[in-house]
Amino acid sequence: MAAVVDTHAVASGFDAGDAARRRNNVAGAPQPAVVKPVEAEDKTKAKKAPSFLQVLDQWEWLIVPILVTAVSFFTRFYKIGLSPIVTWDEAHFGKFGSHYLKREFYFDVHPPAGKLLVGLSGYLAGYNGSFEFKSGETYPEEINYTFMRQFNAFWGAVCVPMAYWTAKELNLRRPAVWFVTLMVLCENSYTTISRFILLDSMLLFGTVATTLCWAKFHGQRKRAFEPAWFLWLFMTGLSIGFVCSVKLVGLFVTSLVGLYTIEDLWRKFGDTKIPIPELAAHVVTRVIGLIILPILIYMLSFAIHFAVLTNSGPGDAQMSSLFQANLKGTEVGRDSPLEVALGSRVTIKNMGYGGGLLHSHVQTYPEGSGQQQVTCYHHKDANNDWFFYPNRKDTDLDIEAEPRFIGDGQTIRLIHMQTGRNLHSHEISAPVTKADKEVSSYGNLTVGDEKDHWKIEVISDAASRDRTKIRTLTTAFRLRHEVLGCYLRAGNVNLPQWGFKQIEVTCTKDNKPRDQYTHWNIESHVNEKLPPGDPGQYKSPFLNDFIHLNVAMMTSNNALVPDPDKQDDLASQWWQWPLLHVGLRMCSWDDKIVKYFLLGNPLVYWGSTAGLGVFGLLVVWYTLRWQRGFRELSDDDVDRIHYAGIYPVIGWFLHYLPFVVMARVTYVHHYYPALYFAILVLGFLADWFLSPLRKSIQYGAYTVLDVVTIGLYIFFLPICWGMVGPNKDYSYMKWFDNWKMSDA
Amino acid sequence: MASALTPQGSVRQRNVPGSAKNNKDGAASDVEIDRVIVKKPSKSKLVAKPAAKPAAKASERDYQIVGFFITAAAFLTRFWGISHPNEVVFDEVHFGKFASYYLQRTYFFDVHPPLGKLLFAFMGWLVGYDGHFHFDNIGDNYIDNKVPYVAFRSLPAILGALTVSVVYLIMWESGYSLPACIIAAGLVLLDNAHIGQTRLILLDATLVFAMACSLLFYIKFYKLRHEPFSRKWWKWLILTGFALSCDMSVKYVGLFAFVAIGSAVIIDLWDLLDIKRPGGALSLPDFGKHFAARAFGLIILPFLFYLFWFQVHFAILTRSGPGDDFMTPEFQETLSDNLMLSNAVTVNYYDSITLRHKETKTYLHSHADRYPLRYDDGRVSSQGQQVTGYPFNDTNNYWQILPVVDDQKMGHAVKNNELVRLRHLVTDTILLSHDVASPYYPTNQEFTTCSITDAYGDRAADTLFEIRIENGKPGQEFKSISSHFKLIHNPSKVAMWTHTTPLPEWGHKQQEINGNKQLAPSSNVWFVEDLPSVPADDKRREKEERKVKTLPFLVKWFELQRSMFWHNNQLTSSHPYASHPYQWPFLLRGVSFWTQNDTRQQIYFVGNPIGWWLTSSVLAIYAGIILADQFSLRRGIDALDHRSRSRLYNSTGFFFLAWATHYLPFFVMGRQLFLHHYLPAHLASALVTGAIVEFIFSVDSGDSEAVTKKPAADKRHVTARERFAGQSMVGAWVAVLVIFAILGAGWYFFLPLTYGYPGLTVEQVVRRKWLGYDLHFAK
């Protein structure tokens, strides 16, 4: 089949004309539709024409997955390299991939597994990481971006056979299984999102795979502790680990499995015939398979991340100073003098998890004192530089004299290099953490008072027991305000927009020596009068780095605000998604550009959304009937509703509700994992309502559903495969004003 | 005694062991328990029921006596020193002011529904206060301003005191023993937060009282479930609905009570639907009647009551006032003495006008100075004449409005959606906008002016602006004051906009005017304030006395409601004493209400820490008991007798549900929150505490005996006395004494902070900073 795909691609690869693509559609996509009715009829006619159809029937389990996989690969791979420009978020993820190839440390809010794979695809494509992936730019000759896209599309393509197996495992009947498979296969939004260098195809793969493994594991429930049971238990854990390492959205499908496990264990707990040791074994195996294993995989992805990224890069500042000192090409700890003296120019790093560099800029506090802001900031710039100065009672700094070293208990001033102001605190509440005091930059070399005085209290020193000197990188110290007696603290609280969402710096009255957010260390140190040393010889432990990076990810995820670079109209709101109210333009809408539009298959979206409502009514109906004494459902029926209906609905809620509550910017593709569960529900409903009907009606209904699904898919295919030429040519798809695939 | 409740009790009793055996499939047993009785089983007092036996009556004498003393104590604690301080405290600023507005009948706007404020106004009206004082600042003196503030404060004090009695009654009605009733009521009686919040002109007393009443009335209603559709059944159903409605009409958090009662009603309906219902299956029409009655009594009636208060609100507030600006012009025209009615003048072409920005109240202004060629950030300007926003009257604010075709025809009115030009009179230039970035906003268009020749020459298109009246109809006349409009630049479709960041020195620190590409925001709205070219005695200014217009009630209500929700969502700014819900059960933080420096007195709103920690730990204990019971049931171990379990799940469970529904929703709320939001939940937790203390100190010995002794079925609820017949209550009474002693001590210790009297020394203040409470005068 791969060969066939290739031929198509080559045949029309250069001719992007409308007609050519249509012809291809006809050739490629409808194949399942042709096959299905044949197979459907096959049962009714089985007696008349036994041999061939019986064979087909017997081999359905193999034929159908192969067939749909082939079609799926075709639809996801076809003309994948048509658009030679960096499309949409390829700008981000391609760039991260480049960082892996250049082995430069970067920082991002998502866990590393997905981006590692992007990096791997680049490596396999022979790409050296030199391209910047600027949005909208054309790929240079030397990048085999087609391969990189194909690598990503692979993950999206294999979702289709997995959906087939999942539906089968959930005991849906054959036509319903096909319908579910077809809905995943013929889902335009899934197709489009899989065809670019994005994390979403991997996320989708992880979600679908976890659901499959969970269903398989559930299917083994009567054969506990047998090899197959163990296999699927660990496969579930494995896919949970994978999906969570791609995006933290994976936690939602994890909670689905978690809920199932709790219910399962609660059921077993109530079965007094199960001996306690067996019960304990059930608990322990699940803890190992579903909690410890995924955590290990998650940590492994970070271990690889750290192992690959050994060069200094743009994300250094998110990490502890010691970690940075161990990166190649870093400034930190290189040739900087070991011991800090008055007059040294330093940057000061907060040692709490996710802590930044002490920072100040000319912007002032809008409330409180109205003086210059002091914050913690992860980006390295000159505004992070401070001078150590003697306090106002001390003799003035003499540049000519021998350097005076700073040690425990000494009172000093810190002067901001760019603005010449003193680090200052006073009896004014901090802007966000009202219980603490505000810290500002105030005065200058001569103007000021004792409120500029800070006393150094050394907490620990990894390199030495001698506390009479402060050492670059290794000494952890606190800064105590002389007048107020409070400690300088940066507790990962983001300032509002006026503070550019940087971290608030306060002075806290609580004297908690173990509070890491009050611990600081010297990161870079410049003093020409002192001999250079190599303070960075100590390694920071992996676990520390791991936690540090994760805390940093959480804190900056919280600060995620609308990106002014992105057009406003790209974002959409949660209520719009299930209604297919809007789509998303993935690139500029210039006539010369191949245009891609994110929009789903209307039948799948509207059908699955309606299905959720219908399913709710179904459950209410049967519950009320049950309370009125009707015992019309067999145990099998109840089981089917429970596992093929209710669990997917829970999965949908878990993947949908968080986006409703979340205050951050959301886009249409955030709905895609939820959509998969809605599709499963729709498949269940089709099975539930159609299977009791007469065969002829049943097959008729399924045929209609399948044909419409395929038909709409093909109708909207140009938005997935790329729209060439003026967008007005595609106005025939613009059913609603909000579907902006065309300006017409 | 055993018995629970009802004649059918025995039937159910028999069912239960059976289902307990079935336990393997635990789900069934859970359902069974839920189904047994929603809640509130027994109780003693058969209100005024003649059938009640004399013995039972006698047994209630002690409840009555204790109830009397608790009520008396409640009034004492709420009214003691109520005249202190004689200054405006905390949010009295708002609610006192609103009462004054009602009394002066001037329209105001607030995010809370009207009932609570109406009650204050009613209080003021009773004592003949005229509403002259506007409660402008915390610390303003009441005596100097002659405000009957004690009358105002006595309303919440009365309701706050009655709340204690209602708590007592809830426990009594629910059939708890006397010690349990006393503990629950005592926790509210001696709670500094309840006391503090109910002695001041604040809404929470009304809110908490209504919430407690809704619980009490629903319990009363539920106990009459064996006489459905009787007169009394209807009475308590409707009263429940009324209490819920009052709750919601005071503050929207009252909706939580709907959730609490609603959940109980749903469980109740579920049981009524049961085909194997102990009292015999109900037919579907009968069930429909039950359903309809509850829907009517608990949803439709409360909503009508809720609307009714708005009708009262509109009926009282007939004059224009500070709330006008929140409403549409159509709404404002329904108010008398309205500036809009008296001063609105139709704008004609060739009139000169002053334009004012609605949000920042600045005038559209221009002067001969020009934009600097290059801004600080390196971008360049057109170097055209500056157009700015200036807040003061000035002849440079005068603009003449010209038609597209300069035909010099006078007396033509400007209409909605017409294109106009604006001529700046002093410099004789025409307003213009073009595709040049504004000084501060690279994305917004610069506004400037150009000479008249240019305006009719090269730049003709760029000087055209459309008048787009808000909610206007095509062809509507453009009027001063009443027509709120957006000025849309015709070729580029940007709206004239301004913001409060002042321009640098070159712009004389005046406001920047620029063209905003977003047309929708209300910050684009302007209005014509005056027409300086029309003399004060001109005919056009004369208005015949026009009638105040009317709008249908529902239209007004809907507009106000939308505006309230919108503004409620905007209340996200931070407040120095705002707190987070997780802090409340632990009482980590209070609110400073009032301070007086010279006497070192202060009111710091904080609960009785001992009481709060006790109730919060009891909530944890309750959750622990339920979990432990579920786990042991699951393993087939039945540690509780049927009656204790049913009481624990149904009665105490209802209180716990009330606590959860009044607490947990705050976690998802975005607006600023304060400790006083926990008061209704605290009241529910006090109920749970009373119930759990009884549970702990009355572990049953023999219920088998009880079952056999069960009296023949009469439809009477079993009293606590019957339940505990022959049991020693010594333990429970000791608990009462101990709890009361430490509660009293805690109350007394924090009393100076609650009553604002006497002042405390530094050392005394520091001693009260238990969890680092941010008290004043600590040094």
Side-chain angles (χ1 to χ4, degrees), chain A residues 262-263 265-276 279 362-363 366-368 427-438 484-485 493 495-498 504 508-512 564-565 567-569 620-621 623-631 635 638 642 657-658 660-663, chain B residues 21-31 34-35 267 269-277 281-284 287 291 376 441-443 500-501 517-518 572-579 583 588-589 592 627 630-637 667-670 672 769 771-774 778-779:
Chain A
I262 289 170
E263 196 212 319
L265 288 176
W266 182 247
R267 201 171 277 268
K268 294 196 163 56
F269 184 70
D271 186 351
T272 41
K273 280 182 298 192
I274 299 181
I276 298 286
L279 210 54
V362 290
Q363 284 81 2
E367 52 205 67
E427 271 292 349
I428 291 174
S429 285
V432 179
T433 317
K434 300 280 183 192
D436 291 356
K437 302 297 168 219
E438 180 191 279
L484 301 174
V493 178
L495 288 171
Q497 199 59 55
W498 53 254
E504 183 196 30
T508 176
K509 296 260 183 190
D510 302 331
N511 181 4
K512 291 186 201 140
D565 294 340
Q567 284 160 297
D568 249 350
D569 53 350
V620 169
W621 169 256
T623 320
L624 291 180
R625 299 264 295 173
W626 179 81
Q627 184 76 340
R628 293 303 284 177
F630 294 94
R631 297 289 180 265
D635 282 356
V638 174
H642 192 162
L657 284 188
V660 177
V661 204
M662 229 185 269
Chain B
K21 268 176 228 148
N22 267 339
N23 249 340
K24 277 145 222 168
D25 128 62
S29 73
D30 299 349
V31 173
D34 284 347
R35 211 166 342 114
I267 298 172
L269 285 173
W270 179 246
D271 289 341
L272 288 175
L273 199 62
D274 188 358
I275 196 90
K276 290 178 297 194
R277 182 171 166 269
L282 283 179
S283 69
L284 274 183
F287 176 78
F291 182 86
D376 287 347
Y441 284 75
T443 53
T500 50
T501 314
K517 286 178 183 146
Q518 311 264 355
T572 50
S573 59
S574 67
H575 184 283
Y577 286 95
S579 47
Q583 299 174 313
L588 297 183
R589 184 133 203 253
S592 175
L627 273 183
Q630 281 301 309
F631 271 87
S632 50
L633 270 183
R634 199 70 194 156
R635 293 303 286 176
I637 306 158
F667 281 93
V668 290
M669 264 196 212
Q672 49 167 274
K769 296 183 75 164
L771 294 180
Y773 296 138
D774 30 11
K779 56 179 162 192

Checklist line | Counterpart residues, side-chain hydrogen bond (donor to acceptor under 3.5 Å, both in side chains), relative to B/Arg635 (two or more places apart) | finding: none
Check: Rounded to the nearest 0.5 Å, how far does NZ of B/Lys276 lie from CZ of A/Arg628?
Finding: 12.5 Å
Notebook entry, point to check: Going from CZ on A/Arg625 to CG on B/Leu273, what distance comes out if it is rounded to the nearest 0.5 angstrom?
Noted result: 11.5 Å
Checklist line | Flag if over 12 foreign heavy atoms under 6.0 Å of CZ, B/Phe287 | finding: yes
Next item on the list: May I ask you to check whether over 12 heavy atoms, not counting those of B/Lys769, lie within 6.0 Å of atom NZ?
Entry: yes
Margin query: Less than 4.5 Å to any heavy atom of chain B: does that hold for the side chain of A/Leu279, its backbone, both, or neither?
Written below: side chain
Checklist line | Criterion side chain to side chain contact (heavy atoms under 4.5 Å, CB included) on A/Leu624 and B/Trp270, from CA distance to verdict | finding: CA-CA 8 Å; A/Leu624 291 180; B/Trp270 179 246; 3.9 Å; yes
Item checked: Heavy-atom side-chain proximity of A/Arg267 to B/Arg634 below 4.5 angstrom -> yes
Note to self: Classify the ring geometry of A/Trp266 against B/Phe631: parallel below 30°, tilted from 30° to 60°, perpendicular beyond 60°.
What the structure shows: perpendicular
